[in-house]
Amino acid sequence: MAAFALFTGVASPALAQPATAAPSLAAASVREHAPAFPAYAAPHAYGRAVYLFDATTGQELLDKNAAERMPVASLTKIMTAYVVLREANLSDEVTIKREDVAYAEANDGTTADLEPGDSLPVGELLYALMLPSGADAAHALARVYGPGVAGFTAKMNAAAKSLGLNDTHYVNADGLPTRDGDGYSTARDQARLAAITLRDPVFTEITSTRHHSTDDGRYDWSNTNHMLGLPGAIGVKTGFTNAAGFCLAFAADRHDHRLIGVILGEDVSSRRWDTAGSLLDWAAES
């Protein structure tokens with residue numbers, strides 16, 4: 001059984017590739033060899049694909065179709081944030097253009113209600129990206145730091161390749177469907193990406209924030225992630241499209257271990273929170 005070489009607090013190395021991949025289980029279940037595991041079975045994991053692992057030790061805890069490629073909706077914005085944090089200074093000013101707002105509106109994307117002509121620091125736009133899941137913010141950041149959406153998407157795919165996320169491909173910076181089809185990833189790849197991005201304290205602070213207002217009071221954003229009230233919760237991201245279903249990347253620090261999971265293709269929005277919360281409690285009781 002492969003254990004991933006992921007450890008918190010290390011500066012963004014490429015991931016070690018797993019050995020021969022274990023087959024996905026018909027139902028979510030614990031890896032048989034795990035020595036420090038709760039004695040009782042894992043709670044039922046709803047969703048087409050579910051993955052949970054301990055990012056402190058690299059131990060896989062639960063795998064349900066974790067290697068299946070599927071659209072991941074706004075979980076895409078985790079990679080958007082990852083690239084921006086490496087391309088930009090937080091103090092850089094980005095002016096919102098009408099095309100950024102029009103893009104989100106035309107594609108029925110969630111928005112941060114950004115106003116054309118407003119200028120915001122990159123640090124604030126990352127809150128706009130991650131909390132209300134603003135497609136307008138994603139478009140503005142991609143436009144500036146690609147430069148252009150196509151250039152930025154190429155950087156996202158290059159980053160995925162360098163991190164060893166070999167079952168991941170992006171077609172834009174926001175996860176919205178396109179005429180040419182959706183991007184794709186897997187529950188395992190998205191969990192590994194979340195673990196890497198959470199090594200950045202700026203990202204962790206942003207994705208852990210429930211509410212954020214800009215200093216000038218122009219904007220006030222609430223996080224779409226309902227996991228943040230749970231013990232040790234540190235994000236990460238929600239998502240939804242018709243093709244992807246309801247998605248969730250979640251993480252929590254429990255008993256000096258960082259637990260990270262991903263749910264893809266859930267049919268019921270609210271059930272994501274119950275499933276993730278139950279999995280965290282189960283994994284922490286070891």
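Basis for what follows: all heavy atoms, side chains included, without hydrogens, waters or symmetry-related copies. These figures come from a predicted structure and were not determined experimentally.
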side-chain hydrogen bond (donor to acceptor under 3.5 Å, both in side chains) for Thr111 and Asp113? Distances and angles first, verdict last. CA-CA 5 Å; Thr111 77; Asp113 295 324; 3.0 Å; yes

Candidate pair Leu52 and Trp282, rule side-chain contact (heavy atoms from CB on, under 4.5 Å), full reasoning: CA-CA 11 Å; Leu52 180 70; Trp282 168 73; 4.1 Å; yes

Determine whether Arg188 and Asp63 satisfy the following criterion, side-chain contact (heavy atoms from CB on, under 4.5 Å), listing intermediate values before the conclusion. CA-CA 8 Å; Arg188 180 181 286 115; Asp63 178 333; 2.8 Å; yes

Go through it in stages, so that I can follow the logic: the residues are Thr168 and Asp189, the test is side-chain hydrogen bond (donor to acceptor under 3.5 Å, both in side chains), and I'd like the CA-CA distance, side-chain angles, deciding distance and then a yes or no. CA-CA 7 Å; Thr168 297; Asp189 271 10; 2.8 Å; yes

Between Leu126 and Val84, does the side-chain contact (heavy atoms from CB on, under 4.5 Å) criterion hold? Intermediate values first, please. CA-CA 8 Å; Leu126 286 171; Val84 168; 4.0 Å; yes

Please walk me through it: do Gln190 and Tyr51 pass side-chain hydrogen bond (donor to acceptor under 3.5 Å, both in side chains)? CA-CA 9 Å; Gln190 287 300 297; Tyr51 184 70; over 6 Å; no

Residue pair Val122, Asn89: steps toward the side-chain contact (heavy atoms from CB on, under 4.5 Å) verdict: CA-CA 7 Å; Val122 165; Asn89 295 314; over 6 Å; no

Kindly determine whether Lys77 and Ser74 satisfy side-chain hydrogen bond (donor to acceptor under 3.5 Å, both in side chains), including the steps that lead there. CA-CA 6 Å; Lys77 292 166 184 157; Ser74 283; 3.0 Å; yes

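Between atom CG of residue Asp281 and atom CG of residue Leu259 there is a gap of 10.0 Å, rounded to the nearest 0.5 Å. Atom CZ of Phe250 and atom CG of Leu230 lie 10.5 Å apart (nearest 0.5 Å). Atoms NZ and NE2, from Lys161 and His169 in turn, are 13.0 Å apart once rounded to the nearest 0.5 Å. To the nearest 0.5 Å, atom CG of residue Asp108 and atom CG of residue Asn242 are 9.0 Å apart. Between Tyr170 atom OH and Met156 atom CE the span is 5.5 Å, to the nearest 0.5 Å. Separation of atoms CE (Met130) and OG1 (Thr80) is listed at 9.0 Å; rounding is to 0.5 Å.
For Ile96 against Glu115, the heavy-atom pair with the smallest separation is CB-O, 3.6 Å. Of all non-hydrogen atoms in Leu264 and Ala187, the two that sit nearest each other are CD1-N, 3.5 Å. In terms of heavy atoms, Cys247 sits closest to Gly265 at SG-N, 4.1 Å. Closest non-hydrogen pair, Gly47 versus Lys64, comes out as O-NZ, 2.8 Å. Considering all non-hydrogen atoms of both residues, Val171 and Gly181 come closest at CG2-O, 3.9 Å. Nearest heavy atom pair, residue Leu114 against residue Val101, reads O-CG2, 3.3 Å.
With Thr238 as the partner, the side chain to side chain donor-acceptor pair (under 3.5 Å) test is satisfied by one option alone out of Thr224, Asn223, Asn225: Thr224. Partner of Ile260 under the side chain to side chain contact (heavy atoms under 4.5 Å, CB included) criterion, chosen from Val236, Leu61, Leu193, Leu198: Leu198. In summary, of the residues considered (Arg254, His257, His255), a side chain to side chain contact (heavy atoms under 4.5 Å, CB included) with Thr56 occurs for His257 alone.
Counting heavy atoms from C-beta outward, Leu279 and Pro43 have side chains that approach closer than 4.5 Å. Taking 4.5 Å as the limit, every side-chain heavy atom of Lys97 sits out of range of all side-chain heavy atoms of Pro116. Leu62 places none of its side-chain heavy atoms less than 4.5 Å from the side chain of Phe53. Looking at Asn65 and Arg48, their side chains never come closer than 4.5 Å, going by heavy atoms from C-beta outward. Contact of the Tyr219 side chain with the Leu120 side chain is registered, since non-hydrogen atoms from C-beta on lie closer than 4.5 Å. Trp273 places a side-chain heavy atom less than 4.5 Å from the side chain of Leu248.
Asp174 and Tyr103 share a donor-acceptor pair across their side chains, judged by distance under 3.5 Å alone. Side-chain atoms of Thr178 and Asp180 include no donor-acceptor pair closer than 3.5 Å. Using modelled atom types and a 3.5 Å distance limit, the side chains of Glu93 and Ser119 yield a donor-acceptor pair. Residues Ser133 and Lys237 have side chains that bring a donor and an acceptor to within less than 3.5 angstrom of each other. Judged purely by distance below 3.5 Å, without hydrogens or angles, the side chains of Asp274 and Tyr46 never pair a donor atom with an acceptor atom.
Clustering ILVMFWY residues whenever any of their side-chain heavy atoms sit less than 4.5 angstrom apart, transitively, puts Phe246 in a cluster other than the one holding Leu176. When the side chains of ILVMFWY residues are joined at heavy-atom separations under 4.5 Å, either directly or via intervening members, Leu228 and Tyr127 end up in two distinct hydrophobic clusters. Under the 4.5 Å side-chain heavy-atom criterion for ILVMFWY residues, a single connected hydrophobic cluster contains both Ile78 and Leu90. No chain of hydrophobic side-chain contacts below 4.5 Å, direct or via other Ile, Leu, Val, Met, Phe, Trp or Tyr residues, connects Val268 to Val50. Val149 and Val94 fall into different hydrophobic clusters, where Ile, Leu, Val, Met, Phe, Trp and Tyr residues are linked whenever their side-chain heavy atoms come under 4.5 Å apart, directly or through other members.
Between Arg218 and Asp118, at least one side-chain N (NZ, or NE/NH1/NH2) sits under 4.0 Å from a carboxylate O, which counts as a salt bridge.
Remark: side-chain polar atoms of Asp167 are not paired, donor with acceptor, to backbone N or O of Ser185 under 3.5 angstrom. Without hydrogens or angle criteria, Thr204 side chain to Pro201 main chain gives no donor-acceptor distance under 3.5 Å. Although no hydrogens or angles enter the test, the distance criterion places a donor-acceptor pair under 3.5 Å between the side chain of Asp54 and the main chain of Thr57. Listed for the Lys155 side chain is a donor-acceptor partner under 3.5 Å among the backbone atoms of Gly146. Under the 3.5 Å distance criterion, the side-chain polar atoms of Asp136 are matched with a main-chain donor or acceptor of Ala112. No donor-acceptor pair closer than 3.5 Å links the side chain of Thr76 to the backbone N or O of Val72. With hydrogens and angles disregarded, no donor-acceptor distance shorter than 3.5 Å links the side chain of Thr275 to the backbone of Arg272.
With a 6.0 Å radius and a threshold of 12 heavy atoms from other residues, nucleotides or ligands, Asp216 has its CG atom above the threshold.
With a 6.0 Å cutoff to the six-membered ring centre and a 45° limit on the axis angle, Arg143 does not count as a cation-pi contact of Tyr145.
Using cut-offs of 30° and 60° for the angle between ring planes, the His212 and Trp221 rings count as parallel.
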